[in-house]
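Working notes, structure below.
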Amino acid sequence: MNADLSPSTYAVVAGRPERTEGAPVNPPVVLSSTYVGRGEVQPGRHVYTRLGTETWEPFEEALAGLERASEPALVFASGMAAVSAALDLTRPGSRLVVPRHAYHATLVAAHRLAGRSAVEVVEVDIADTAAVRAAITGGPTSLVWVETPTNPMLEVADIREVSAAAHAAGALVAVDNTFATPLAQRPLELGADVVVHSVSKYLSGHSDLILGAVVTSSRELYDAVRATRDIVGGIAGPWETWLALRGLRTLALRVERSQANAAELARRLADHPDVVAVGHPSLPSHPQHELAGAQMEGYGSILTLRPRGGQAGADALAGAVRLWVPATSLGGVESSLERRRRFASEAPTVPVDLLRLSVGIEDVEDLWADLALGLAAAARD
Ligand SMILES: *Cc1c(COP(=O)(O)O)cnc(C)c1O
């Protein structure tokens, strides 16, 4: 299906069965571990489901189109299986540059890799392009990992500048595009080599499955990541993949609504007397507000909030809200929030009273009223 359609249209039409008389509108779920075949294996024909199955292909085509990739996406059993396969592109004996604030398990995976294969992990402030450049040129670097906006601090990296610096040094760039979604940000168009998604979040959108994906326009990188998937075997289940494609159909509506809700809540929170700090790239006070405006379409649906009352205040808020779900994860239709430092593993540079808010698609007035109750509870605490 052609790539000059607008992304919101493309998400609806991509990966449908051929339009013939009596054909189903949706692709079927095929439950088979193996395929009939004898003699020499024919290229492009299915053999064994760990190596490929038709239930993955419509989703892989649709996600690749949304990211404007020339190769199909590669679906994985989880975001972390996809992250691990992409981190595997790091060459032994080289440097892996990562953001100091990033999805926690990604940083753990990077350091585990370092422990096994003489990889040197260098953590940087990914929004500080000069610092990223210095880290890249400070040693032989093979991979630069980018999250933007970062979890949970919402720092915004300059994908174009970081990619140029990495390529000048012979390094690859992988961008975890989970927070932004391809509707708001397309890293491959800005020069990145690889995009990674936790499909568990916005792409599927209903907090009902775990899935991941890697996307690239390089045949060579596609083959390398695919070889990892074939051999390591962290493969996606057919039902999850089918549900993710169903979720993708409404991605544009969900992202539009949740981004608008997030920007409106950020604006109101910035003026609220019981708020110590609010973070969202839409706010002129955000350090990379202008970069985010140029690089993204919309500013994402995640906010950070530090209420009055410190850590106890933040916990009181999480306990007082009735609509916002106190839970980890993000990117569902329902709004949720979480004090990140409740995890001992969270970076110590993340403030103890910082709540990460994943804004959903509810009516913004209901979300605001509930949050106002939470803020009052925090201020009383
Ligand atoms: C959730 C998440 C992951 C990990 O994905 P899983 O599907 O939970 O394995 C990676 N990166 C980011 C930014 C995430 O939010």
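We count ligands from 1, going down the list as the structure has it; atoms in each ligand are counted the same way.
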key: Asp176 neighbourhood, listing ligand 1 atoms whose heavy-atom distance to it stays under 4.0 Å   = 10 (C), 11 (N), 12 (C), 13 (C)
query = For the residue pair Trp368 and His272, does the interplanar ring angle fall in the parallel (under 30°), tilted (30 to 60°) or perpendicular (over 60°) class?
reply = perpendicular
inquiry  = Please determine whether a side-chain nitrogen of the Lys or Arg among Glu120 and Arg95 lies less than 4.0 Å from a carboxylate oxygen of the Asp or Glu.
reply    = yes
task = Look only at interatomic distance and state if Ser198 has a nitrogen or oxygen under 3.5 Å from any nitrogen or oxygen of ligand 1.
result = yes
task = Under 4.0 Å from a heavy atom of Gly79: give me the atoms of ligand 1 that qualify, with their elements.
result = 5 (O), 6 (P), 7 (O), 9 (O)
Short side-chain to backbone donor-acceptor contact, Thr178 and Ser198, under 3.5 Å = yes
ask   = Does Asn151 come within less than 4.0 Å of ligand 1, judged by its heavy atoms?
value = no
message = For Arg308, is there an ion pair with Asp274 - N to carboxylate O distance below 4.0 angstrom?
response = yes
request  = Before accepting this row, confirm whether a basic side-chain N of the pair Glu346/Arg356 lies closer than 4.0 Å to the acidic partner's carboxylate O.
outcome  = no
inquiry  = With respect to Met80, determine whether any N or O atom, backbone or side chain, lies less than 3.5 Å from an N or O atom of ligand 1.
reply    = yes
ask   = What is the closest protein heavy atom to atom 8 (O) of ligand 1, and at what distance does it sit?
value = Tyr103 OH, 3.8 Å
request  = Give the single entry among Ser200, Ala109, Ala82, Ala81 that approaches atom 7 (O) of ligand 1 most closely by any heavy atom.
outcome  = Ser200
key: Within-cut-off N or O pair, Lys201 and ligand 1, under 3.5 Å   = yes
ask   = Between Tyr202 and His197, is the gap from one ring center to the other below 6.0 Å?
value = no
inquiry  = Salt bridge or not between Arg219 and Asp223? Use side-chain N to carboxylate O under 4.0 Å.
reply    = yes
Close approach, Leu211 and ligand 1, non-hydrogen under 4.0 angstrom = yes
